[in-house]
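First comes the structure, then the notes that go with it.
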Amino acid sequence: MRAKHVAERPPRRIPAGARAAVWILVAQFAMLTWLFHVDDGAQDRSRAQARASVALAGWHPGEDRSPVAAELLVLAESGVSNADQLRERTTQWTESGSTSDTAALREATDAAGRSTAAELRSNDRIFPVLLVLVLVAVSGGWYVWSRRVRETQRVTVERRVLDAGERRLLALVRNSTDVVAIIEPDSTTTFVTPAVAVLGWSPEELTGRQLLDVVSPQDRLILTRLLSGSGDSHSVQIRMRHRDGHELVMEGTLVNLCHDTAVRGWVLTIRDITERKRLQEDLTTQAIHDSMTGLPNRQLFFDRLDHALSRREAQPWRPLAVLAFNLDDFKDVNESLGYATGDTVLLTVAERLTEALRDEDTAARLGGDEFAVLMEDTDLSTATQVAHRLLATVASPIEIDGHLHVVRASIGLAEAVPGRSNGTDTMRNAAVAVDMAKERGKGRLAIYDPAWHRQAVETFAVRQELEIAIATDQLTLVYLPIVSLDTHTVRGFEALVRWEHPERGLLNPEAFIPVAEQGGMITALDDWVLHAAVRGCAALQAADHRPWIAVNVSAEQLNQPGFAAIVLSTLAAAQLPADRLVLEVTESALLDELGLGAQTLAQLRAHGVRVSIDDFGTGYSSLSRLSRLPVDELKVDRSFIEQLRSGNEDGVLVSTFLATAQALRLRTVAEGVEDAHQARWLHDAGCDLGQGFLWSRPVGLDTARALPRILAVPVEEDATVSA
Ligand code: C2E
Ligand code: CA
Ligand code: CA
């Protein structure tokens, strides 16, 4: 299929139809000529016989015999059947001069006449038959000819169409941007289109050469295998070398036309996809890598993790560890040193991580200052070592613009349990562990403990239930009397919340207050308590006895905008004077002296509400700070009062607290007074009030209302209460 051959027109030939027509015409004429010629002889003989008979009949003895003899000889010469006999008798008749021979001659002449007549008759019979035969033959000939002509026309038209198609095809092939080549099984190029210029070659240069010479060495074997194989067609992607040495990626098809006589080879149609491929790779890299550090991103990390886990389904003995890696206080780095420095820190950390790990480990940046490490075939103790190494590596100072910065990280380590945990679970465990590491003081490693998960699940369940509990009044209050240490008169009550859980029974606050705080429901809970306590206190009021109610207020509730208004409207709704309410706040809730909480308390105090500082001594407050706090009362924590039990009277701290409070004119309450000895000691030390099991356990509202005004002896425990 070299271009030259295809372009040549076939030599002009006389069409077969025309040749057949000429042959038929010639045959037709020959037959008719023969027919007429055959009849001509018989006619001549018949005429000669008539003339001879007339001459003989008109002859009379004695007359000259030669004219008659001449006619008779003409008859003989005309080719009658008894010509010899006629000639012989005519000679005899001429020479003898006798009349007796005349009869014999007449006889011979008649015989000639009879045979000629017979011949003519037979001709008359045969001619029409012959004519019909000739006509049939000629008609057949013409029929065949016309068919040949039509066939020839069809072939001619077809060929013309084919010629045009082939030329068009060739033009297309030659002008296509795809490289089209015919190569023999041994890779010899027998034809190639000009598009091969993409490889720096011209068709002339490449034709006759081994195509393998321009294929990159890595792909030669593949191509050789395909060419020597017996397949029909293959999709191919091969790397080829440009004449100047750079590599191109070509993609296309290889079609086996070795059995096609017009081709006799493999047709390779390929195009340059180098740029597309590069772009694709770039996009893929971008899509699965973090643009800043170049580390795998979250998607790639989880992809690898999932793959590693699925491999372990068949090989569950192969360990797999995951690290969640988080920089400590990175926000501060960004905010105080700027984002450029932050970026440098992240880059450095990424580099250090990569350096410190094996090639087969995956370090990824999940986002922000969150990194993760996947370590296959690494057991817990090895992973722990690696994690400690990473902590040390990352903590070594980083120099940025001549300044040294120290950045620490917290690491959470989790082991995957093949077949039981998926990638998301494993990573979540590591994240829980890293949170734990931060909680335990940062810059350290925490190894995930499955018990945490159970706890988390429990907490979640409790949160759900608590939500319902608040909405459906499963909460209740118990009241703990607050007693004057001097007279043992009941002066007030502390409201303490309980949860009447439908399945677990009565629950103490430790079982759900921390959950409520974590789950963001503490405000809702405390609002409920505030309303119930204020209503309860109103119910406890009598003409001659007006106890106050102490309500525990969480930091969240205190800092909730509009809290002062809620408190005041609650008091108003229950018609309880503001001075009957004591809000117990912890020291930590008062840390921010200028915050919303402090303002709220100041506002409420102005309305007469009292504020008590709860659990005093356990928090951050120093005694010197006490003077600046917006409080009216100080509650010494139970842990200090416990130390005052008989035989163990280390009351230095309590004395100091009480003395300071007295100097600041703060009312003092001792928490958790359990025996008379403590009560006496506290009274002697100048403490104003006490609360504790010495006088009463926390009791329900009705019991509280029925309590005597003066509690000299411990009252009986309320059956519904477990303290
Ligand atoms: P708290 O404010 O220090 O409350 C006093 C706790 O000590 C109460 O425990 C009370 O039952 C217990 N107690 C009182 N006297 C004695 C005693 O003589 N000996 C012993 N061993 N314990 C005594 P409770 O009711 O379990 O409350 C525990 C904590 O839960 C409270 O400590 C308070 O911080 C919190 N809490 C209770 N109710 C509420 C509430 O409505 N809202 C908020 N935010 N917290 C509450
Ligand atoms: Ca309290
Ligand atoms: Ca307390």
Side-chain angles (χ1 to χ4, degrees), residues 466 469-470 474-483 485 492-500 506-537 548-560 563 567 570 581-590 597 610-619 631 633-645 669-679 682 689-700 704 711 714-715 717-718 720-723:
L466 193 54
I470 296 170
Q474 287 176 18
L475 297 180
T476 181
L477 287 183
V478 287
Y479 297 82
L480 183 68
I482 298 167
V483 179
L485 285 172
F493 292 91
E494 180 176 359
L496 297 165
V497 69
R498 297 289 180 268
W499 180 2
E500 287 174 336
L506 198 69
L507 299 181
N508 278 338
E510 312 87 83
F512 58 93
I513 292 279
V515 176
E517 277 170 349
Q518 279 169 27
M521 289 137 52
I522 189 69
T523 308
L525 186 144
D526 279 347
D527 283 351
W528 181 91
V529 170
L530 178 72
H531 282 93
V534 167
R535 275 200 313 272
C537 183
W548 66 73
I549 189 81
V551 178
N552 293 287
V553 172
S554 65
E556 284 84 354
Q557 188 186 22
L558 182 63
N559 284 293
Q560 165 196 10
F563 178 62
V567 173
T570 307
L581 177 65
V582 177
L583 297 179
E584 293 190 4
V585 291
T586 56
E587 293 168 74
S588 55
L590 288 171
R610 304 278 163 79
V611 177
S612 173
I613 182 156
D614 204 357
D615 301 341
F616 190 83
T618 59
V631 296
E633 184 186 275
L634 185 145
K635 277 184 111 165
V636 183
D637 191 68
R638 184 155 58 89
S639 56
F640 299 100
I641 307 304
E642 225 165 39
Q643 293 167 6
L644 304 176
R645 281 172 160 297
V669 187
E671 280 185 336
V673 181
E674 294 188 353
D675 63 31
H677 178 81
Q678 286 167 312
L682 286 161
L689 303 156
Q691 63 178 52
F693 298 166
L694 171 66
W695 296 283
S696 168
R697 298 249 164 183
V699 294
L711 297 176
V715 293
E717 198 180 318
D718 184 69
T720 61
V721 171
S722 61

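Whatever order the structure lists ligands and atoms in, that order sets their numbers, starting from 1.
Under 4.0 angstrom from ligand 1, there are no non-hydrogen atoms of Val553. Within the 4.0 Å heavy-atom criterion, the part of Asp614 lying near ligand 1 is the side chain and not the backbone. Counting heavy atoms closer than 4.0 Å to ligand 1, residue Glu494 contributes side-chain atoms (C-beta onward) but none from N, CA, C or O. Contact annotation for Leu496 and ligand 1: heavy atoms of both the backbone and the side chain come within less than 4.0 Å of the ligand. At a 4.0 Å heavy-atom cut-off, ligand 1 does not touch Asp637 at all. Contacts between Val551 and ligand 1 below 4.0 angstrom, taking non-hydrogen atoms only, are absent altogether.
The side-chain heavy atoms of Asn552 and Val529, taken from C-beta on, include no pair separated by under 4.5 Å. With a 4.5 Å cut-off on side-chain heavy atoms, Asp615 and Glu584 do not count as touching. Side-chain atoms of Val478 and Thr476, non-hydrogen and from C-beta on, never get closer than 4.5 Å to each other.
In terms of the salt bridge (Lys or Arg N to Asp or Glu O under 4.0 Å) criterion, residue partners of Glu633 (sequence neighbours excluded) are, by chain and number, Arg667.
Of all the atoms in ligand 1, the ones that sit under 4.0 Å from a non-hydrogen atom of Leu480 are 14 (C), 15 (N).
The shell of residues lying under 4.0 angstrom from ligand 1, judged by heavy atoms, excludes Gln557. Residue Arg697 places every heavy atom at 4.0 Å or more from ligand 1.
Residue contacts with ligand 1: Gln691 is placed with no nitrogen or oxygen under 3.5 Å of a nitrogen or oxygen of the ligand (distance criterion only).
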Distance-only donor-acceptor hits, side chain of residues 515-527, under 3.5 Å, sequence neighbours excluded:
| unit_1 | atom_1 | unit_2 | atom_2 | d |
| --- | --- | --- | --- | --- |
| Asp526 | OD2 | Ser554 | N | 3.2 |
| Asp526 | OD2 | Ser554 | OG | 2.9 |
| Asp527 | OD1 | Gln557 | NE2 | 3.0 |

